[in-house]
Amino acid sequence: MNPFSSGTRLRDMIRAIRACKTAAEERGVVRKECAAIRAAINENDNDYRHRNLAKLMFIHMLGYPTHFGQMECLKLIASSEFPEKRIGYLGLMLLLDERQEVLMLVTNSLKQDLNHSNQYIVGLALCALGNICSAEMARDLAPEVERLLQFRDPNTRKKAALCAIRIIRKVPDLAENFINPAAALLKEKHHGVLITGVQLCTDLCKASADALEYFREKCTEGLVKTLKDVANSPYAPEYDIAGITDPFLHIRLLKLLRVLGQGDADASDLMNDILAQVATKTESNKNAGNAILYECVETIMSIEDNGGLRVLAINILGRFLSNRDNNIRYVALNMLMKAITVDAQAVQRHRATILECVKDSDASIRKRALELVYLLINESNVKPLTKELIDYLEVSDQEFKGDLTAKICSIIAKFSPEKIWYIDQMLKVLSEAGNFVKDEVWHALIVVISNASDLHGYTVRALYRALQTSVEQESLVRVAVWCIGEYGDMLINNVGMLDIEDPITVTESDAVDIIELAIKRHTSDLTTKAMSLIALLKLSSRFPSCSERIRDIIVQNRGNLVLELQQRSIEFNSIIQKHQNIRSALVERMPVLDEATFIGRRAGSMPATVSTSNGASLNLPNGVAKPSAAPLVDLLDLSLDDAPAPSSSGGDFLQDLLGVDLSPASNQSGTNQASKTGTDVLLDLLSIETPPVQSSSSPPDVLSSIQDNKSPVASLEELALPSSLSGQATTPVGAAPMMDLLDGFVSNPPKPENNGSVYPSVVAFESSALRITFDFSKPPGNPQTTSVQATFTNLSPNVYTDFIFQAAVPKFLQLHLDPASSNTLPATGNGSITQNLRVTNSQHGKKSLVMRIRIAYKINDKDVLEEGQISNFPRGL
Amino acid sequence: MDDLSLFSLFLFTNNTIYFSIFRPSCRNKSNLIKTKSLVSPSPQSQWQGKVRLTKWYSTYSQKERSKVIRELTGIILSRGPKLCNFVEWRGLKVVYKRYAGLYFSMCIDQDDNELETLDIIHHYVEMLDRYFLNAYYILDELLLAGELQESSRRTIARLVAAQDSLVETAREQASLLGDLVK
């Protein structure tokens with residue numbers, strides 16, 4: 001024997017590691033030990049293999065890599081002795097998991113051990129199999145386990161039963177093999193076997209409807225009797241826990257009865273009596289008894305209706321809820337969530353207690369209670385409950401505020417009886433916890449405010465007041481800044497005064513002050529500052545007396561390091577200074593924001609979602625005139641920004657631009673102009689955290705982004721002329737492309753065939769002999785689906801016969817190919833074949849289309865095969 | 001055979017269950033569980049807060065395991081003494097209980113019975129208390145595939161003892177054989 005390979009004893013190694021003062025020292029010791037173990041492994045040292053594995057397990061638990069020892073486990077398992085096998089299996093369960101391929105090697109040893117004459121070795125193998133078996137092993141070894149379910153030794157039977165659970169969880173198809181042996185286990189007297197048998201049956205019922213039907217018919221009565229026996233059994237020291245005989249068995253029987261009774265009135269009837277007995281007779285002063293009651297209540301709630309039992313169950317929960325033990329209260333709240341679907345009225349009776357639980361010091365209980373309160377709220381109690389919750393918001397823990405705020409906002413949005421209440425409550429939430437409010441919540445608030453025209457004055461004054469006290473709540477500041485920008489005049493003139501309001505006096509310069517404060521506060525983030533700049537621009541027109549001061553504030557940001565702010569500052573300054581004539585029209589009040597659009601966008605059902613991957617991309621619902629002005633604003637901004645030298649023409653250009661896009665839509669020119677700046681806000685409002693479109697600072701950028709993102713083009717197209725921009729958009733854009741693009745708008749005659757298709761066609765594939773073009777259209781109402789018309793053109797002088805087009809797509813896509821119009825393709829473009837494809841993109845908005853294609857055809861009876869990949873699909877399909 | 005009890009710790013899981021025992025302080029295991037008084041944590045010991053035993057009944061990679069343990073140790077150790085024994089975590093529930101300086105925890109599904117899980121933990125702790133050797137082997141007789149295997153403490157003790165005596169016999173025979181060879 002090699003004296004060096006024996007190494008230290010396990011005990012000594014542990015002692016050495018524990019004696020280490022620093023992590024580095026510990027690493028050193030572990031490294032030395034690992035080296036010794038590796039050496040021993042290399043020498044195939046049999047004597048100390050088990051000791052080395054024990055050491056490895058310890059090292060593994062400390063978090064060091066031990067994969068080199070995996071084979072040692074297998075060797076120990078393969079040995080014939082029980083001690084070796086025992087530690088080998090232990091190591092197997094600890095060091096390996098089902099994903100490791102090494103595990104496959106152990107299947108054979110397991111099979112042998114499952115047939116071993118020593119029942120303890122069989123037990124070891126079952127235990128390992130039950131804990132780590134993979135689907136493949138499950139298939140291989142299921143017959144052995146099935147056989148062992150009838151083994152003479154009860155301890156083996158119970159292990160086999162649990163092992164079977166793992167097997168059917170891995171491979172549900174195997175369930176039916178176990179139905180009969182499992183039913184036999186239910187008749188056992190041995191508690192261990194009975195418990196595991198009941199568990200196996202429960203799992204079988206979940207895996208297979210046949211099993212459920214079988215057990216329901218054959219075993220319900222027997223199980224009820226077993227439960228009765230256990231519940232009435234005299235004191236049995238071996239199974240006694242807190243005066244109850246085997247609560248574990250109670251609970252598992254109740255669980256199986258629940259599965260059997262669910263949705264079956266007859267089975268439910270059979271178990272009514274015993275459930276009533278358990279619910280009334282079980283001692284509830286110890287944890288074990290409560291665990292049984294808890295399970296019993298759940299079973300009563302789940303099985304078919306029996307009014308009397310349910311009253312009993314709800315009463316138990318009421319008792320639980322007033323219990324002083326936090327664990328009991330927690331499970332009561334948990335169960336009431338389930339009870340609410342059964343008997344909402346009964347749960348409502350406990351509302352006050354539940355509301356108190358929201359204020360508990362225990363985070364787990366608070367969370368449960370809050371979710372329960374959320375379910376309890378309806379139209380009639382929303383006002384007092386919301387008030388309670390908002391009051392609590394003031395004093396709640398910081399880490400709880402996020403959850404609480406989200407729930408309150410959701411309640412307000414869902415149940416608000418009237419707009420003024422909605423606005424009032426939201427303002428309270430924003431003032432208390434504005435920093436926890438999610439973006440879409442305050443976006444929604446702005447939409448609501450914008451729609452409540454009679455409350456504009458009231459809202460802006462309330463916000464002004466709130467801002468005096470809660471200036472550190474970011475989202476409150478944003479909403480306030482937006483409203484002051486829009487409705488600043490109402491703030492000053494006390495327009496639309498409601499009876500409930502106290503009159504306040506705000507001067508024009510006060511209003512500007514507060515926005516200046518927002519823009520200068522160092523904690524304000526980019527969005528707030530950008531919104532403030534727009535508000536200032538708007539105010540400069542509303543308050544002519546402050547115009548100079550506002551310009552000063554705006555100019556201060558001209559050197560801002562953030563490009564976005566710098567750009568806005570320069571542009572707005574230029575609007576104030578040079579374009580007085582259009583300013584007032586430019587900063588008119590925002591048109592009412594369309595609630596339906598907004599809700600649709602939130603629900604993600606609109607075809608257009610804002611793509612965050614590309615800062616300059618903006619998808620908007622086509623055909624909605626207001627938002628589609630946004631890309632135009634960018635052009636406008638850019639032209640101002642970009643034209644320092646020919647600045648005079650910049651203005652003209654601007655006019656041109658406005659003229660161009662407004663002429664076809666003369667009836668709404670006012671709105672369109674007004675939305676010019678409004679759209680910026682809208683952009684912020686809608687594009688959430690993406691840097692708004694303007695952040696791409698140079699024209700080629702924007703144009704290229706338009707190029708690769710067709711939606712803005714589409715919107716422009718909708719707005720300006722129904723001309724096909726496909727040619728424009730796919731041709732590379734040069735250094736001074738602005739005019740080209742605009743020319744494109746004006747000069748392209750409308751093409752009649754472009755009826756509603758907003759995606760340009762692409763040349764999907766082109767070789768020397770063949771060209772394939774794709775035309776896209778989207779069926780209305782289904783954004784995931786795209787219809788593609790493929791057109792094949794023959795570029796060669798030979799006729800193609802037996803033409804076949806095949807396509808393949810990745811898993812997130814579904815492809816449907818219609819038959820082609822013909823299978824013969826005439827030579828030199830003298831005709832074409834068309835074929836329709838329908839692609840459904842399950843990852844719509846996240847992933848673009850991609851397709852692999854293969855074209856087979858014959859030239860003069862000679863086979864030709866062409867292949868390619870198409871990845872130049874327009875985005876957003 | 002080397003004495004496995006020295007690295008006393010574990011935990012387990014199935015798709016549902018994950019069970020762990022944390023041992024924030026304490027070096028002398030024998031009076032850990034028996035004495036109900038808290039062992040005062042010795043701050044300089046880097047063994048504090050280390051997980052001693054884990055058992056996993058569902059598949060987690062080594063990396064995920066250490067992440068889970070780190071997260072849960074943080075959550076559980078930071079909870080105050082009077083709070084309830086349940087923590088919601090990643091859509092699962094963690095049931096934990098402190099015995100002297102040892103934390104035992106078990107991760108279960110949403111619809112498992114939390115109160116019963118506390119009893120299972122207690123069941124295990126009582127077994128360890130009576131028979132403080134080879135915590136892993138006891139666990140393997142108590143739970144399998146994440147499900148309870150045996151509700152009788154006496155049976156578990158008997159089974160573990162029987163297997164230990166098998167090991168003992170094998171060892172004696174080996175040493176006898178060794179003597180003969182000499």
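This is a predicted model, so every value here is computed, not measured. Letters A, B, ... are given to chains in the order of the sequence lines, protein chains preceding strands, and every chain is numbered from 1. All values below come from the heavy atoms of this structure, side chains included, with hydrogens, waters and symmetry mates left out.
Applying the side-chain hydrogen bond (donor to acceptor under 3.5 Å, both in side chains) test to B:Glu71 and every residue at least two apart in sequence or in another chain returns B:Trp89, B:Arg90. B:Glu168 is linked by a side-chain hydrogen bond (donor to acceptor under 3.5 Å, both in side chains) to nothing, counting only residues two or more places apart in sequence or in another chain.
Remark: B:Cys84 SG to A:Ile365 CD1 distance equals 4.5 Å, nearest 0.5 Å. One distance of note links CD of A:Glu295 with CG of B:Asp112; it measures 8.5 Å at 0.5 Å rounding. Rounded to the nearest 0.5 angstrom, B:Ser152 OG and A:Leu249 CG are separated by 12.5 Å.
Considering only heavy atoms from C-beta on, B:Leu166 comes within 4.5 Å of A:Asn118 through its side chain. At least one side-chain heavy atom of A:Ser361 sits under 4.5 Å from a side-chain heavy atom of B:Leu83. The closest side-chain heavy-atom distance from A:Ile165 to B:Glu147 is below 4.5 Å. The shortest distance between side-chain heavy atoms of A:Arg86 and B:Tyr137 falls below 4.5 Å. Here the side chains of B:Leu148 and A:Arg252 are in contact, with some heavy-atom distance below 4.5 Å. Residues B:Trp56 and A:Leu94 form no side-chain contact, since every pair of their non-hydrogen atoms from C-beta on lies 4.5 Å or further apart. Counting heavy atoms from C-beta on, the side chains of A:Asn155 and B:Gln149 never come closer than 4.5 Å.
Nearest approach of B:Ala145 to A:Arg169, heavy atoms of both residues: O-NH1, 3.7 Å. In this structure, A:Ala291 and B:Leu115 approach most closely via the heavy-atom pair CB-CB, 3.5 Å. Across every non-hydrogen atom of A:Tyr120 and B:Gln163, the tightest pair is CD2-CG, 3.4 Å. When every heavy atom of A:Ser364 is checked against every heavy atom of B:Phe86, the shortest pair comes out as OG-O, 2.6 Å. Nearest heavy-atom pair across A:Lys159 and B:Asp140 is CE-O, 4.4 Å. Scanning all heavy atoms of the two residues, the minimum distance from A:Ala288 to B:Asp119 falls at CA-OD2, 3.1 Å.
For a residue to count as touching a neighbouring chain, one of its non-hydrogen atoms must lie under 4.5 Å from one of that chain's; by this rule A:Leu126 touches chain B with the backbone only. Of the two parts of A:Asp240, only the backbone, made up of N, CA, C and O, holds a non-hydrogen atom closer than 4.5 Å to a non-hydrogen atom of chain B. For a residue to count as touching a neighbouring chain, one of its non-hydrogen atoms must lie under 4.5 Å from one of that chain's; by this rule A:Phe248 touches chain B with backbone and side chain alike. Of the two parts of A:Arg329, neither the backbone nor the side chain holds a non-hydrogen atom closer than 4.5 Å to a non-hydrogen atom of chain B. Looking at A:Asn334, only its side chain comes within 4.5 Å of chain B, counting heavy atoms on both sides. Only the side chain of A:Asp246 comes within contact range of chain B, judged by heavy atoms closer than 4.5 Å. Contacts of A:His190 with chain B are made by side-chain atoms alone, with heavy-atom separations under 4.5 Å and no backbone atom involved. Proximity to chain A is absent for every atom of B:Ser66, based on heavy atoms less than 4.5 angstrom apart.
Salt-bridge formation is detected for the pair A:Arg368/B:Glu88: a Lys NZ or Arg NE/NH1/NH2 atom is positioned less than 4.0 Å from an Asp or Glu carboxylate oxygen. Note on A:Lys255 versus B:Asp111: no salt bridge recorded, every NZ/NE/NH1/NH2 to OD/OE distance being 4.0 Å or above. Here B:Arg79 pairs with A:Asp362 in a salt bridge; the nearest charged N to carboxylate O distance falls below 4.0 Å.
Partner of B:Asn85 under the side chain to side chain donor-acceptor pair (under 3.5 Å) criterion, chosen from A:Asn287, A:Asp325, A:Asn327, A:Asn326: A:Asn327.
With 3.5 Å as the limit, one finds no donor-acceptor pair spanning the side chains of A:Tyr294 and B:Glu116. In the model, B:Thr155 has a side-chain atom that pairs as donor or acceptor with a side-chain atom of A:Glu238 under 3.5 Å.
Taking A:Thr196, A:Val331, A:Asp360 one by one and counting their heavy-atom pairs under 4.5 Å with chain B, the maximum is reached by A:Val331. Chain B forms more heavy-atom pairs under 4.5 Å with one residue of A:His191, A:Glu81, A:Met93 than with any other, namely A:Met93.
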